[in-house]
Amino acid sequence: MTPTKSLTLQEEQQLLGNPSGATSDVGNYNNFLMLRPQYALSYSRERGTPY
């Protein structure tokens, strides 16, 4: 089956979902969603590691 539309970066990086519910809202600093062309990462500023 051929896709009918191109996926956005966020759609492509989250094909398997967002189990932690991370968002790219700057106020959500302990579950912040970082989107890069290569990956998507949920980051916790408090722990200094991925969530």
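We use all heavy atoms of the structure for the numbers below, so side chains are in, but hydrogens, waters and symmetry mates are not.
Counting heavy atoms of neighbouring residues, nucleotides and ligands inside a 6.0 Å radius, atom CG of Leu16 does not exceed 12 of them.
To the nearest 0.5 Å, atoms CG (Asn18) and CD (Gln13) are separated by 12.0 Å. Here Tyr29 contributes atom OH and Ser44 contributes atom OG; the two are 9.5 Å apart, rounded to the nearest 0.5 Å. Here the CG atom belonging to Asp25 is positioned 8.0 Å from the CZ atom belonging to Phe32, to the nearest 0.5 angstrom. The distance from atom OG of Ser24 to atom CE of Met34, rounded to the nearest 0.5 Å, is 11.5 Å.
Closest approach of Pro50 to Leu41, counting heavy atoms only: CB-CD1, 3.6 Å. Of all heavy-atom pairs between Arg45 and Asn30, the closest is N-OD1, 3.7 Å.
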Original post:
Where do Leu33 and Thr23 land on the side chain to side chain contact (heavy atoms under 4.5 Å, CB included) test, with the steps shown first?
Top reply: CA-CA 5 Å; Leu33 180 63; Thr23 65; 5.5 Å; no
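Using modelled atom types, one side-chain atom of Glu11 and one backbone atom of Thr8 make a donor-acceptor pair closer than 3.5 Å.
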